[in-house]
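What follows is a short report on a single structure.
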There are 4 protein chains.
Amino acid sequence: MSETRARIVEAAQRLFHEQGYAATGIATILREADVRSGSLYHFFPSKEVLLEAVLDNYLEHLRPIVIGPIEEATSDPIERIFRLFDFYREAVLATGFSYGCPIGNLALEVGGGDGAVTRKLDANLAAWREAVEGWVRDAGPRMRKSVNASDFAALVLSVMEGAVMQARTSKSIARYDASVAEFRRYVGLLTEARGKA
Amino acid sequence: MSETRARIVEAAQRLFHEQGYAATGIATILREADVRSGSLYHFFPSKEVLLEAVLDNYLEHLRPIVIGPIEEATSDPIERIFRLFDFYREAVLATGFSYGCPIGNLALEVGGGDGAVTRKLDANLAAWREAVEGWVRDAGPRMRKSVNASDFAALVLSVMEGAVMQARTSKSIARYDASVAEFRRYVGLLTEARGKA
Amino acid sequence: MSETRARIVEAAQRLFHEQGYAATGIATILREADVRSGSLYHFFPSKEVLLEAVLDNYLEHLRPIVIGPIEEATSDPIERIFRLFDFYREAVLATGFSYGCPIGNLALEVGGGDGAVTRKLDANLAAWREAVEGWVRDAGPRMRKSVNASDFAALVLSVMEGAVMQARTSKSIARYDASVAEFRRYVGLLTEARGKA
Amino acid sequence: MSETRARIVEAAQRLFHEQGYAATGIATILREADVRSGSLYHFFPSKEVLLEAVLDNYLEHLRPIVIGPIEEATSDPIERIFRLFDFYREAVLATGFSYGCPIGNLALEVGGGDGAVTRKLDANLAAWREAVEGWVRDAGPRMRKSVNASDFAALVLSVMEGAVMQARTSKSIARYDASVAEFRRYVGLLTEARGKA
DNA sequence: CATGAATGAGTATTCATTCAT
DNA sequence: AATGAATGAATACTCATTCAT
């Protein structure tokens, strides 16, 4: 793998996250990656294909960087879900409420179509959902029997994305914490009467 | 009086929603509104101020266009919440999964800063939250006593935004329905044991 | 005379001097004069005609504001000339070397043509020259007989304009003082041997 | 190699001189240089940096184009100074009194600040002054001992700039000739009594 | 006299991309 | 693989000016 290519993807990933896709010019990526335009177009025929590479990169790093550490930190599957919320909470606070979920941001900005980009965005969201889904299945016995792991994981993602959006827009962690607290109550109700339908 | 100004705001509102803020050029707004550039800048000193006007417009229309009709359709406060989810569900389906929440999209695209735009985005989210919060209070007796209306409303918004995002990205209503179904189960648990803590 | 008209001329005069003619937009003049565009165009059919009014205004004020006070300050005609150099020297220093002769600046910026503007610029330069010329005539007996008052006045203006330009560009009074010192030596030579050809 | 860059500087130099800096649009430069906008901005990040390049170009050509030929034409140092006045006189006449000193015009239009442009303008004026200063030193023995070459050169520049301004504004060579005639008389007085203080 | 909406050509500059070397 | 000159359409925005009220 070319080191130049990696530098380009790395710079693009950071800039797309910080500024958005449309707001990030190729010139800025070139400057930040210390690369000349010809090189970029040698590896990527267009800005959109570069975005696809960025999305591939996110997907490749999801398990080693995010999911792995969480699974190492605790073996309790329900605890793992809340670790995920903590992980994002920290990111929101650390960036002074400017943090947005990289995938979520791009999904809303460029996910309206149905091309390769949207498919790769969905692949990322799916990978997240599947990780959570696995934890839910592991927690199976402690939850009501009728809980559908896949649906539950979809809710987790919805809450996460919606809560980050509210934190970022309100410049306050209050709505994030409120959303997670309500979600936690839900999990409480599901587990307190374990065994029930 | 200022019919021209209204046409500009209307066109900008639609285009910002359909294509995003950065991806919408002033030239496109001018063409769609059938207005010349000087006129636009007579009313709005910059594209950003025009965005502010669009956000003001969303806020002004929230009650008459969205909240009002829902409240007329049913007097049951819990039903009203699910009507909201239905409302968005229809929009997602009707646009072939290209629909995104106008405020949510803009919040993720341009809500990272802390200027007037971000404040007006938050004012819109706050208005939505307060409308839901009012319904939750009305439903008070039917829910567990300890339910915090404000927190609960924050969760509703989170689920809504996250669910729309997943529907749009996956080009399928499945994750949307899954999120809402899980949320509905939560409401069920909160109401089935009404009077409890 | 309309007070509004006066405010417009006053603002335009200041702005043209500070920023130049082309660099000063009508919008800036309107803001500074607190006037609306319709009013400005009621008095002046174009920006160029406004410039003509500014030049008329300079001409009207030359004697009462500049020449008069100098003539009151000293009755020695040669002294008067050097008072003029002092007057400009103070202006250059007081503005931190950003001062340029109002007429000179405009002459170089818009004096290339041969319309009314150029003629009014020349009328201003002529009035200055004539004032100096009068002083030279008054000093007649103290100078060599062959001194041509009109030519001498032309030199005074040349030195003044060139010296201000050098001060402004070099951000230093050195070349201004050097030019005046040399000119003073010339006057010295012309007077030391008075009566000679 | 960079023939395109040279064409841009050449066109800009001519247009800035003919029309002034503010009055010259980038579009005009592009048309005259037969270059597309992207190319111009490949070499010059802004119109102001292009102006800097023009000023560098003037400085580079001063000796080979102006000073050199004059020094070749005559070895008499005082004669050289008057050749300079002749050189400008011809330019004024040849252009029908529309000629302005390129450096002087720009100095008055954009020399009010203290950035790179003003510094480069001053570098040009300094180079002119130094060339004249050298001639004055060479003429040393023929002038009064106390003549300061640097001050004298400053006067030469002042007279030149002021005289060109008057010629251009009055559409007549009279004031130019008058200024030079007076200056010539000064030189006459300085040399007639050579050896004196 | 004054207002301010409206015009549309014009501004400097940035865009993603191509291509010869 | 890499360079950097070159492209030309597009960008947000400003300009001097007009005109109905």
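Reckoned from all heavy atoms, side chains included, excluding hydrogens, waters and symmetry mates. The chains referred to below are lettered A, B, ... by the order of the sequence lines, with proteins before strands, and numbering in each begins at 1.
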*asked:* Taking 4.0 Å as the cut-off, does a side-chain nitrogen or oxygen of B/Tyr41 come that near to OP1 or OP2 on F/dC13?
replied: yes

*Can you tell me if B/His17 uses its side chain to pair, donor with acceptor, with the backbone of B/Leu106 under 3.5 Å?*
no

*Are any side-chain N or O atoms of B/Tyr21 and backbone N or O atoms of B/Glu48, one a donor and one an acceptor, separated by less than 3.5 Å?*
yes

*Rounded to the nearest 0.5 Å, what's the gap from CZ on C/Phe16 to OG1 on C/Thr28? Could you check?*
10.0 Å

*Measure the distance from NZ on A/Lys47 to C1' on E/dT18 and round it to the nearest whole Å.*
17 Å

_By nearest heavy atom, map D/Asp34 and C/Pro45 onto DNA chain F; which one lands nearer the 5' end?_
D/Asp34

*asked:* Please classify the nucleic acid contact of C/Ser46 as base, sugar-phosphate, or nothing, using heavy-atom distances under 4.0 Å.
replied: sugar-phosphate

*asked:* Could you tell me how far apart A/Leu50 (CG) and E/dT17 (C1') are, to the nearest whole angstrom?
replied: 13 Å

_Strand-adjacent residues in residues 6-30 of chain C, judged by heavy atoms under 4.0 Å from DNA chain F_ = C/Thr24, C/Gly25, C/Ile26

*asked:* Under the side-chain contact (heavy atoms from CB on, under 4.5 Å) test against A/Leu51, which residue among A/Thr24, A/Asp56, A/Val110 passes?
replied: A/Val110

*Quick one: stems involving DNA chain E, counted as three or more successive Watson-Crick or G-U pairs, both distances short of 3.5 Å.*
E:2-21 with F:2-21

*OP1, OP2 of E/dT13 versus side-chain N and O of D/Ser37: anything below 4.0 Å?*
no

Without placing hydrogens or testing angles, list every side-chain donor-acceptor pair under 3.5 Å for residues 33-43 of chain C, not counting sequence neighbours.
{"from": "C/Asp34", "atom 1": "OD1", "to": "C/Arg36", "atom 2": "NH1", "distance (Å)": "3.2"}
{"from": "C/Arg36", "atom 1": "NH2", "to": "C/Asp34", "atom 2": "O", "distance (Å)": "3.4"}

*Rounded off to whole Å, could you give me the CZ-to-C1' distance for the A/Arg36 and F/dA2 pair?*
9 Å

*E/dC1 P sits how many Å from C/His42 NE2, rounded?*
6 Å

_D/Arg168 side-chain N/O to D/Ser98 backbone N/O, donor-acceptor pair under 3.5 Å_ = yes

_Length of the line joining D/Arg31:CZ and F/dG8:P, which is rounded to integer Å_ = 16 Å

*Please give, in whole Å, the distance from E/dT11 P to D/Leu40 CG?*
14 Å

*Does the D/Lys120 side chain pair with the main chain of D/Gly115, one donor and one acceptor, at a distance under 3.5 Å?*
no

*Given atom CZ of C/Phe44 and atom P of F/dT18, what is their separation to the nearest angstrom?*
15 Å

*asked:* With a 4.0 Å cutoff (strictly under), does any side-chain N or O of A/Thr4 reach OP1 or OP2 of F/dA1?
replied: no

*Got B/Val117 and B/Leu55 here, is their nearest side-chain heavy-atom distance under 4.5 Å?*
yes

_Distance check, rounded to the nearest 0.5 Å: A/Asp114 atom CG versus A/Arg119 atom CZ?_
7.5 Å

_Rounding to an integer number of Å, can you tell me how far C/Glu3 CD sits from E/dA2 P?_
9 Å

